[in-house]
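Presented below is the structure to which this report refers.
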2 protein chains.
Amino acid sequence: MSRSPLSPTPSGSSGSDAAAGELPDHTEVVRRFNRSYTQRIGVLEESFLGLGMPLGTARLLYEIGVEPGTTRDLRVRLDLDSGYLSRLLRRLQSDALVTVEPDPADRRRRRVGLTAAGRQAWDELERRSADRARDLVTPLTGRQRARLAAALAEADLLVRAATVRLELTDPTAPEALAAVEAYTAELGERFPGGFEIGDLAEEPERLRPPDGAFMVATSDGSPVACGGVQALGGGVGEIKRMWVRPGWRLAGLGSRLLRHLEGVARELGHDAVRLDTHGSLTEAVAMYRRAGYREIERYNDNPHAEHFFTKNLH
Amino acid sequence: MSRSPLSPTPSGSSGSDAAAGELPDHTEVVRRFNRSYTQRIGVLEESFLGLGMPLGTARLLYEIGVEPGTTRDLRVRLDLDSGYLSRLLRRLQSDALVTVEPDPADRRRRRVGLTAAGRQAWDELERRSADRARDLVTPLTGRQRARLAAALAEADLLVRAATVRLELTDPTAPEALAAVEAYTAELGERFPGGFEIGDLAEEPERLRPPDGAFMVATSDGSPVACGGVQALGGGVGEIKRMWVRPGWRLAGLGSRLLRHLEGVARELGHDAVRLDTHGSLTEAVAMYRRAGYREIERYNDNPHAEHFFTKNLH
DNA sequence: GAAACTCTCTGACTAAGATCAGAGATATGT
DNA sequence: ACATATCTCTGATCTTAGTCAGAGAGTTTC
């Protein structure tokens, strides 16, 4: 039986695992990386040890330091049982690292914050974590460090992009509004003459089932992409308000979103989709072409649109 | 400008750590990666859950499946207390997943292997772990997957290289012999006419303190690089038997080892070092030049050497 | 102002992870 | 052959992690 695909040397022995004819899905590379990286770096966690407090407590302290809040916030963020949290907090409190006081807004809740000593302990956690990262990097030469940083940044971007979840969102929901706000803010920068698009909440039913749909992608709580489908009639759908946060465009999130929206349009019973865009959004125009869209005549009177596209869904 | 160029989120709070004038040491990239990666991928560990056995047990089972061995091996590999290991093994044994029998070579030890049922459970662990990796990759397009794989492979190589430990090793120790064996095997392939270098164990005292030193770098237990320093007399040292496992040469391990050996030579009181090499080892020759070595006349009668170098240590 | 609900806390409990000090068996060096 | 070292196992013990049920304080709804 062959060696484990996770074999320890980098010498290409793992490359042979993918049988000759298969398409590479690269999962082996991911697994190999996971294994060696977690083994060597020991994850973030380890730097939380050795402060004379158990891991869970340190994690909680860290989280409080990142952003103080109510016990409820912390429970949700760390997914803890309320009884367990209560005990952890009491321990931190008795070590004089955190303050716990009733929330004036709702006196059932408690607000949690760091004391001066707690801030100090938090800094220590930060320092350890940074030290660990530095330990990893120091044996390398400057060029190698740069290569490592570039590789990790690239991997980070792609992993983030891969783990973004596209979610059907009501156009009036706060996440949807936040996404569209970011969208219009960006357009506003591009067209200083003043830019005006209809408020998303104006006709929300057009972007809501059963007539349409609106998708928002969030990462770490903030919107990174959005887009909707509405009906134009005659079996034709229209893709609207498609936007991807600038830093995320390199990761192909746009095409993924577009593909998804086409699928939604198909489910809504459309045979084709159209969309319009401004000529200055060159990346977007290129992406539409790559995705199989062809340019057509103006089909609406949107003053900001210069290019009009269509794609057959069958 | 202080923002990371690839930073997809506006979070900013972490980016400001690197003050404007500092040289980038890239620790922020590493930390950022650690945080987001562990958060999203949840490490390898998670795929070990849900088999009806606790994490530690699953980890042990997995390790046995990767490479069966004696209890001692496992204890070292997983860094477990012997009592703890004993109990974990007993549990696996009572579930009929592993066989434990005395090692015929040393009847104090026990050999541990998987039963058929154990192999099946191991396959299940493998499958889960692979599934998790695949889940990560599937949302990406083919090109993005290739980019991710390339980035992770690059990061993996560099991380491995960075975490390799160079250790002063006695020339007669098994790791040293293993390294030199790999070295001569490779040279044997390059020079099919037959290749003969003196056995390392012949004059071990020359490569041993106080006259010399021999360093071996191991990764996951197998040697990946080696090299020694011996005295030539007159304040001159000689670097001998320097070798880096092929797959590791891209990661700059050679220069790191060379730099280290120069430091050792300096500590041994030498003012300069020499070395010889064969002309066909073009990468090596280039590396020596890059490291500040200049070519000199032949200073010995090594029939395999064609190039001779020296470097001043002060 | 009572009912229903929300939130935190306490006590009781369990499993898992981990460490330590020997006992007993086996191997090695002199 | 003896002392010494090595190795695994057992029993005892401890901390951490995590769960559950309900008490008690506070808030919202009608």
Side-chain angles (χ1 to χ4, degrees), chain A residues 38 42-64 68-95 97-113 125, chain B residues 38 42-64 68-95 97-113 174:
Chain A
T38 56
V43 217
L44 184 66
E45 313 286 274
E46 265 181 36
S47 54
F48 279 8
L49 296 169
L51 262 191
M53 81 180 73
L55 185 75
T57 317
R59 198 152 34 190
L60 175 60
L61 177 68
Y62 186 79
E63 203 61 36
I64 295 170
T70 64
T71 44
R72 177 135 219 284
D73 295 339
L74 294 168
R75 245 182 46 222
V76 171
R77 267 152 67 191
L78 290 169
D79 188 31
L80 295 175
D81 173 82
S82 68
Y84 188 24
L85 174 62
S86 176
R87 260 173 274 266
L88 291 178
L89 274 179
R90 202 169 40 202
R91 159 146 196 187
L92 287 173
Q93 208 177 356
S94 79
D95 290 350
L97 298 174
V98 302
T99 56
V100 182
E101 47 198 26
D103 183 350
D106 180 343
R107 311 220 0 259
R108 289 171 304 184
R109 296 185 184 165
R110 316 236 136 171
R111 304 211 117 263
V112 183
L125 288 178
Chain B
T38 57
V43 218
L44 185 65
E45 313 287 274
E46 265 181 34
S47 54
F48 279 9
L49 296 170
L51 262 190
M53 80 180 76
L55 185 73
T57 317
R59 197 152 35 190
L60 175 60
L61 177 68
Y62 185 80
E63 204 60 39
I64 295 170
T70 63
T71 44
R72 178 132 218 282
D73 295 339
L74 294 169
R75 244 181 47 222
V76 171
R77 268 151 69 191
L78 290 169
D79 188 33
L80 295 175
D81 175 83
S82 68
Y84 188 23
L85 174 63
S86 177
R87 260 172 274 268
L88 291 178
L89 274 179
R90 204 169 40 202
R91 160 146 195 187
L92 287 173
Q93 208 177 357
S94 79
D95 290 350
L97 297 174
V98 303
T99 56
V100 182
E101 48 198 26
D103 182 349
D106 180 342
R107 312 226 350 264
R108 288 172 304 186
R109 298 185 183 165
R110 314 236 136 171
R111 305 211 116 265
V112 184

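What you are looking at is a predicted structure, and each value in this text was computed from that prediction instead of being measured. Note on naming: letters A, B, ... go to the chains in the order of the sequence lines (proteins, then strands), and numbering restarts at 1 for each one.
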| Once you round to the nearest 0.5 Å, how far does CZ of A:Arg110 lie from CG of A:Leu74? | 13.5 Å

| field | Rounded distance in Å - CZ (A:Arg111) to P (D:dG26) | value | 18 Å

| Toward the 5' end of DNA chain C, which comes first, B:Leu80 or A:Val100, by nearest nucleotide? | A:Val100

| OP1 or OP2 of C:dC7 less than 4.0 angstrom from a side-chain nitrogen or oxygen of A:Arg109, does that happen here? | yes

| request: Select from A:Arg107 and A:Leu88 the residue whose nearest nucleotide in DNA chain D is closer to the 5' end of that strand. | output: A:Leu88

| task | Round to a whole Å and report the spacing from CZ of B:Arg59 to P of C:dA16. | result | 14 Å

| request: Ignoring hydrogens and angles, answer whether the base of D:dG11 and the side-chain atoms of B:Arg87 contain a donor-acceptor pair closer than 3.5 Å. | output: yes

| message | Can you tell me how far apart CG (B:Leu89) and OG (B:Ser82) are? Round to the nearest 0.5 Å. | response | 11.0 Å

| Hey, does the side-chain of A:Arg108 have a donor or acceptor N/O within less than 3.5 Å of a partner on the base of C:dT6? | yes

| task | Would you mind reading off the distance between B:Asp81 atom CG and C:dA16 atom P, rounded to a whole angstrom? | result | 18 Å

| remark: Here the pair of heavy atoms bringing B:Leu92 nearest to B:Met53 is CD2-SD, 4.3 Å

| said: Nearest heavy atom decides the nucleotide; on that basis, is B:Tyr84 or A:Tyr84 closer to the 5' end of DNA chain C? | reply: A:Tyr84

| Which one of A:Leu97, A:Thr57, A:Leu60 satisfies the side-chain contact (heavy atoms from CB on, under 4.5 Å) criterion with A:Arg91? | A:Thr57

| task | Using a 4.0 Å heavy-atom cut-off across all strands, classify B:Asp106 as base, sugar-phosphate, or nothing. | result | sugar-phosphate

| task | Quickly work out the A:Leu89 CG to D:dA17 C1' distance and round it to whole Å. | result | 16 Å

| Phosphate oxygens OP1/OP2 of D:dT8: is one of them under 4.0 Å from a side-chain N or O of B:Arg75? | yes

| Shortest non-hydrogen contact between B:Arg75 and B:Asp81, atoms and distance | CD-C, 4.3 Å

| request: Assign A:Arg110 to base, sugar-phosphate, or nothing according to its heavy-atom contacts below 4.0 angstrom with the strands shown. | output: sugar-phosphate

| request: With heavy atoms under 4.0 Å as the rule, sort A:Gly83 into base, sugar-phosphate or nothing. | output: base

| message | In this structure, how many angstroms lie between the P atom of D:dT8 and the CG atom of B:Leu85, rounded? | response | 8 Å

| query | Which part of the nucleic acid, if any, lies within reach of A:Arg72 when heavy atoms closer than 4.0 Å are counted: base, sugar-phosphate only, or nothing? | reply | sugar-phosphate

| said: Can you see if the side chain of B:Arg90 gets near the phosphate of D:dT10 - specifically, an N or O under 4.0 Å from OP1 or OP2? | reply: yes

| query | Considering only D:dA17, D:dC20, D:dC7, which nucleotide approaches the side chain of A:Leu55 most closely? | reply | D:dA17

| message | Without decimals, in angstroms, what is the distance between B:Leu78 CG and D:dT8 P? | response | 14 Å

| Around A:Arg77, counting heavy atoms of other residues, nucleotides and ligands shown, do more than 12 lie under 6.0 Å from its CZ? | yes

| message | How many whole angstroms separate atom CE of B:Met53 from atom P of C:dG17? | response | 12 Å

| Tell me: CG of B:Leu60 to P of C:dA18, nearest whole Å? | 13 Å

| request: Ignoring hydrogens and angles, answer whether the base of D:dC9 and the side-chain atoms of B:Ser82 contain a donor-acceptor pair closer than 3.5 Å. | output: yes

